[in-house]
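As the structure is a prediction and not an experimental result, all values here were calculated from the model.
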Amino acid sequence: PRAAESPADALSAALASPSRPAADRERDADRRPADVIGFLGIEPGMAVIDVIAAGGYYTEILAIAVGPDGRVDAQNPPAVLRMRDGANDRALAERLGGDRLPNVSRLDLDFGELAGGAPRYDAAITALNFHDIYNGAGPDAAVAVLRTLHGLLKDGGVLGIIDHAGNPDGDNRALHRVDPERVIESAEAAGFVVEAQSDLLANPDDDRTQSVFDDSIRGRTDRFLLKLRKPAG
């Protein structure tokens with residue numbers, strides 16, 4: 001008899017559908033979204049928030065992963081929607097146009113506007129964004145954002161962070177990277193427990209000394225993946 005299909009295989013098959021934008025499917029080989037979703041434990045029926053969703057690459061993946069009984073909020077601060085003459089705003093509007101992802105809602109809100117809400121998400125994810133918060137606004141602001149997300153997650157909820165790995169002594173602000181240990185420190189200060197780390201997105205050929213926008217490494221940076229848990233009770 002044929003072996004049962006794994007959840008990751010089932011999600012991979014769903015993500016291969018031509019109903020997804022071709023540009024998204026081309027990015028999957030380097031981003032391994034089905035494996036990331038499996039690592040984080042995101043399942044059908046969950047309520048999830050895509051933090052700084054930008055144009056919504058992960059928003060659509062999450063929408064497929066949680067299925068019709070789940071829901072996804074695509075959150076973007078207004079400043080992110082204004083970047084590059086509104087490119088993210090237009091991309092997200094096109095992605096959601098015609099109600100093609102009916103289980104997705106937009107949250108065009110700053111983190112301050114999210115703070116204080118009742119816990120309502122089973123999981124959250126932010127991909128390639130945390131370095132901008134940490135490097136741009138500073139460590140204290142980064143912890144404050146994580147505390148906001150901690151408050152929005154239900155007890156036992158998961159936050160997944162993907163980012164470009166930086167060296168401890170590197171000029172990570174200029175390179176658009178972040179030392180994973182600084183992220184872990186921030187997460188623990190915000191009340192999270194580091195449940196697991198993964199090398200799914202690691203690239204040992206990236207020595208972490210080049211800008212993430214350098215043609216030699218763009219799209220193929222060494223990336224870390226953290227699974228953070230909000231303790232129950």
Side-chain angles (χ1 to χ4, degrees), residues 26-33 35-40 49-59 61-62 75-77 79-80 83-84 87-88 110-111 123-150 153 158-230:
E26 290 170 2
R27 298 165 79 183
D28 290 349
D30 291 321
R31 293 197 169 197
R32 302 180 63 178
D35 293 322
V36 170
I37 295 297
F39 172 76
L40 296 176
I49 181 170
D50 186 7
V51 180
I52 313 183
Y57 169 83
Y58 254 108
T59 299
I61 290 163
L62 292 168
Q75 180 266 342
N76 276 305
V80 171
M83 290 172 59
R84 294 177 290 126
N88 289 324
D110 278 316
F111 289 107
I125 188 170
T126 190
L128 310 180
N129 297 308
F130 192 79
H131 69 275
D132 283 325
I133 300 171
Y134 189 93
N135 294 331
D140 291 344
V143 171
V145 167
L146 291 174
R147 283 182 177 143
T148 294
L149 300 180
H150 186 280
L153 286 168
V158 165
L159 169 61
I161 296 181
I162 300 167
D163 219 325
H164 307 285
N167 292 320
D169 59 350
D171 186 0
N172 291 317
R173 179 191 294 268
L175 301 177
H176 289 266
R177 296 174 180 266
V178 66
D179 178 359
E181 291 303 315
R182 302 290 80 76
V183 183
I184 290 172
E185 288 176 2
S186 300
E188 291 176 339
F192 285 99
V193 172
V194 180
E195 182 167 300
Q197 303 181 54
S198 174
D199 61 0
L200 273 171
L201 306 177
N203 180 6
D205 293 331
D206 174 17
D207 66 6
R208 306 179 179 183
T209 64
Q210 301 295 318
S211 165
V212 302
F213 302 115
D214 190 280
D215 289 341
S216 67
I217 202 65
R218 187 167 189 167
R220 297 178 291 103
T221 53
D222 185 29
R223 299 172 186 180
F224 60 90
L225 169 59
L226 299 177
K227 182 179 183 180
L228 310 173
R229 181 81 66 177
K230 177 179 179 176

With sequence neighbours excluded, residues passing side chain to side chain contact (heavy atoms under 4.5 Å, CB included) with A127: Y58, I162
Who pairs with N172 by side chain to side chain donor-acceptor pair (under 3.5 Å), at least two apart in sequence or on another chain? none
Please round to the nearest 0.5 Å and tell me the distance separating atom CG of L146 and atom NZ of K230. 13.0 Å
To the nearest 0.5 angstrom, please state how far the OG1 atom of T221 sits from the CD atom of Q210. 12.0 Å
So which atom in L228 and which in A187 form the shortest heavy-atom distance, rounded to 0.1 Å? CD1-CB, 3.6 Å
Does a side-chain heavy-atom distance below 4.5 Å link D206 with R177? yes
Should L201 and V36 count as side-chain neighbours, where that means a heavy-atom distance under 4.5 Å? yes
Interatomic distance, CG@N76 vs CG@D50, rounded to 0.5 Å, equals 8.0 Å
What heavy-atom pair brings I61 and P33 nearest, and what distance separates the two atoms? CD1-CB, 3.5 Å
Hey, mind stepping through V51 and F130 against side-chain contact (heavy atoms from CB on, under 4.5 Å) and telling me if it holds? CA-CA 10 Å; V51 180; F130 192 79; over 6 Å; no
Side-chain heavy-atom pair I52, L128 within 4.5 angstrom cut-off: no
Rounded to the nearest 0.5 Å, how far does CG of L149 lie from CD1 of I125? 12.0 Å
Give me each pair satisfying ring-ring contact (aromatic ring centres under 6.0 Å, His included) with a member in residues 203-224, each pair once, sequence neighbours excluded. H176-F213
Which atom pair, heavy atoms only, marks the closest approach of P180 to A165? CG-CB, 4.3 Å
Sequence neighbours left out, what pairs pass side-chain hydrogen bond (donor to acceptor under 3.5 Å, both in side chains) with at least one residue falling in residues 128-138? T126-N129, H131-D163
Atom pairs and distances, donor-acceptor, side-chain atoms in residues 189-198, under 3.5 Å, two or more places apart:
| unit_1 | atom_1 | unit_2 | atom_2 | d |
| --- | --- | --- | --- | --- |
| E195 | OE1 | R229 | NE | 2.8 |
| E195 | OE1 | R229 | NH2 | 3.2 |
| E195 | OE2 | K227 | NZ | 3.3 |
| E195 | OE2 | R229 | NH2 | 2.9 |
| S198 | OG | L200 | N | 3.0 |

L175 side, atom CG; N167 side, atom CG - distance, nearest 0.5 Å: 8.5 Å
Excluding sequence neighbours, so at least two apart, what forms side chain to side chain donor-acceptor pair (under 3.5 Å) with R32? D35
Residue pair N203 / I217, side-chain heavy-atom distance below 4.5 Å: yes
Do the side chain of T148 and the main chain of A144 share a donor and acceptor less than 3.5 angstrom apart? yes
Checking the side chain of D30 only, and the main-chain atoms of R220 only, is there a donor and an acceptor separated by less than 3.5 Å? no
